[in-house]
Visitor: 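I have a structure here, written as structure tokens, and I will follow up with some questions on it.
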There are 2 protein chains.
Amino acid sequence: MTERPEPDKRPASRRIADDLRAAIDRGELRADARLPSERELSMTYGTARNTAREAISILQSEGLVVAQHGRGVFVRKRWPLIRLGASRYSRRLRQETGLSPFRIEVSRQGRAPRTECRSVTRERPPLDVADRLSLDPATSEVVRRENWYYADEEPVQLGVTYIPVDIAGDSVLATEKTLGTGSIYARFEDLGYPIARIREEVSARMPSTDESARLAVPPGVPIIEVLHTGYDAEGRPFEVTRFTMRGDLNGLDYEMPIED
Amino acid sequence: MTERPEPDKRPASRRIADDLRAAIDRGELRADARLPSERELSMTYGTARNTAREAISILQSEGLVVAQHGRGVFVRKRWPLIRLGASRYSRRLRQETGLSPFRIEVSRQGRAPRTECRSVTRERPPLDVADRLSLDPATSEVVRRENWYYADEEPVQLGVTYIPVDIAGDSVLATEKTLGTGSIYARFEDLGYPIARIREEVSARMPSTDESARLAVPPGVPIIEVLHTGYDAEGRPFEVTRFTMRGDLNGLDYEMPIED
DNA sequence: TAGTGGTCTAGACCACTGC
DNA sequence: CAGTGGTCTAGACCACTAC
């Protein structure tokens, strides 16, 4: 009986993927490094090009590499997460720094933050939003504000805020894209709605084709969705914001007391 | 000049995927329904089988369908999310119901919850855990408790809790897999550490190959990771738990006051 | 223009499922 | 056993990038 070496049961595509992944993990292929081309891989492994291609698509679905048409396949650069939490709504931070937590976080990474209000409209609220605001989705109307958040002109977050028209009235919230010093929460305070509590419902999923395009999400990167509700001191909800964030660039960081 | 109809610029694979996705959205293909087989699709669209296959892989990466070897490709059944938040740590809930929020949520879906402590060991803490517990990762030791959460015997969550040995001592936390009535937080209370504050750091990513296997995550489904830290009334951290959850089955639901 | 990834063809054999 | 998905081959042409 001779000891035979364990035959490699893995499919060739899987083996190529494992080798490349190991090279990335070992640091031989660093961020932004180019992988061997599909034709090179198929030569060195003695497979058809489609098999090498399959290997790369495994790594893509794991979010490890990005293909660029005509250029090559590159190890994805990992930025540190933009960490957002309840401090987003803190009055003290708002007054002390004059900067939003988003700007602080992005600047700290050496990237250039930019935020843009792309539209302010009046609409019927989506069902889940109407529910959080205790509105009748069939008859009520809300002001819809669409905000985009960029780092180095790359879109990283989208936030859509819904405000009952009864509350927004004809204030700047309903009419202006630019809201002046302090964030939108300073304006809510002006209207008599200082934010006292929040609810944040967090989920994760793969982007739809549409979102992929709008947020420019590379394949293999999930979306974090946060449905945020703001309450005043009397526990009345006065605004809902749906955040849609690139999962590879954003994280959440909450700290809270345990109430009984 | 004759008006020619707009030619369909989409690649064939994309077109097949779009058609199938539309059928799913319209409800023609319901949850658990079988898609036409790859060979059928290639016949009806007049393409090679690989092209039909490519179409299905698009839907897979979007998390819409699951392939089952030898059986077919099926529309993924969407369970409502198991929604967990700070109530997980509430003493009142713990005492009133005797049930953990996880069990309540899963039961409400008509599924059978089960939790299992798979191991209790003593180890060096991972770097991020040591940091949260203010421990020296090189010299300190922690008790590591590995808990699995199931719905209908399907693994949906993994929670790994780290407790400094100085705190766990030789209590049941360090020695027993079963912790008795109330949750682990009742035992912390016994030791003089009633939980007063929590920090939850949330991120999302695609599973590694290892996690895919252990949590049985279908392709196209992200992982939600929560790094949880528990603090006592004096603000001292006494435990860290890393939750790893299937993104298609779990969500988070936090409510908290805005502190200044 | 050369080299890259993107799409596609028309086959083949294997592994698994269900009857 | 027939039918399904999983893997693979050896080509082809297209679209994009860089020089």
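None of these values were measured; they are calculated from a predicted model. In what follows, chains carry the letters A, B, and so on, assigned in the order in which the sequence lines appear, proteins first and then strands, with residues in each chain numbered from 1.
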Visitor: Hey, can you tell me if A:F243 and A:Y149 have their rings parallel, tilted or perpendicular (30° and 60° cut-offs)?
Guide: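 Ring orientation of A:F243 relative to A:Y149: tilted.
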
Visitor: By nearest heavy atom, map A:G70 and A:R14 onto DNA chain D; which one lands nearer the 5' end?
Guide: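 The 5'-side residue here is A:R14.
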
Visitor: How do B:R39 and A:P36 order along DNA chain C: which one's closest nucleotide is nearer the 5' end?
Guide: A:P36

Visitor: What integer distance in Å separates A:R71:CZ from D:dC19:C1'?
Guide: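 In whole Å, D:dC19 C1' lies 13 Å from A:R71 CZ.
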
Visitor: Report yes if a side-chain nitrogen or oxygen of B:S37 is closer than 4.0 Å to either non-bridging phosphate oxygen (OP1 or OP2) of D:dG3; otherwise report no.
Guide: no

Visitor: Return whichever of A:E40 or B:A48 has its heavy-atom-nearest nucleotide of DNA chain C closer to the 5' end.
Guide: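 Looking at the nearest nucleotide for each, A:E40 comes out on the 5' side.
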
Visitor: Tell me, do B:V65 and B:R76 make a side-chain contact under 4.5 Å, heavy atoms counted?
Guide: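 Side chain of B:V65 against side chain of B:R76, heavy atoms only: no contact under 4.5 Å found.
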
Visitor: In Å and rounded to the nearest 0.5 Å, what is the CD1 to CG distance from B:I58 to B:D18?
Guide: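 Separation between the atoms: 7.5 Å.
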
Visitor: First contact, last contact: which nucleotides of DNA chain C are these for chain B, 5' to 3', heavy-atom distance under 4.0 Å?
Guide: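 Terminal contacting nucleotides, 5' to 3': C:dT7 to C:dG18.
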
Visitor: Measure the shortest side-chain to side-chain distance between B:Q109 and B:V106 over non-hydrogen atoms and say whether it is less than 4.5 angstrom.
Guide: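 No, too far: nothing below the 4.5 Å cut-off.
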
Visitor: By salt bridge (charged side-chain N to carboxylate O under 4.0 Å, His left out), which residues pair with A:R78, not counting sequence neighbours?
Guide: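 Residues passing salt bridge (charged side-chain N to carboxylate O under 4.0 Å, His left out) with A:R78: none at all.
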
Visitor: Listed in order of residue number, which residues of residues 49-57 of chain A have a non-hydrogen atom at under 4.0 Å from DNA chain D?
Guide: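 Only A:R49, A:N50, A:T51 qualify.
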
Visitor: Side chains of A:N250 and A:W79: closer than 4.5 Å at any heavy-atom pair?
Guide: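 SC-SC contact between A:N250 and A:W79 ruled out.
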
Visitor: Could you walk me through whether B:R114 and B:E153 satisfy the salt bridge (charged side-chain N to carboxylate O under 4.0 Å, His left out) test, starting with their C-alpha distance in whole Å, then the side-chain angles of each, then the deciding distance to 0.1 Å, before giving a yes or no?
Guide: CA-CA 7 Å; B:R114 188 170 70 84; B:E153 294 309 307; 2.9 Å; yes

Visitor: Could you tell me which non-hydrogen atom of B:F74 sits nearest to which non-hydrogen atom of B:D32, and how far apart they are?
Guide: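 Scanning both residues, the minimum pair turns out to be CD2-O, 3.4 Å.
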
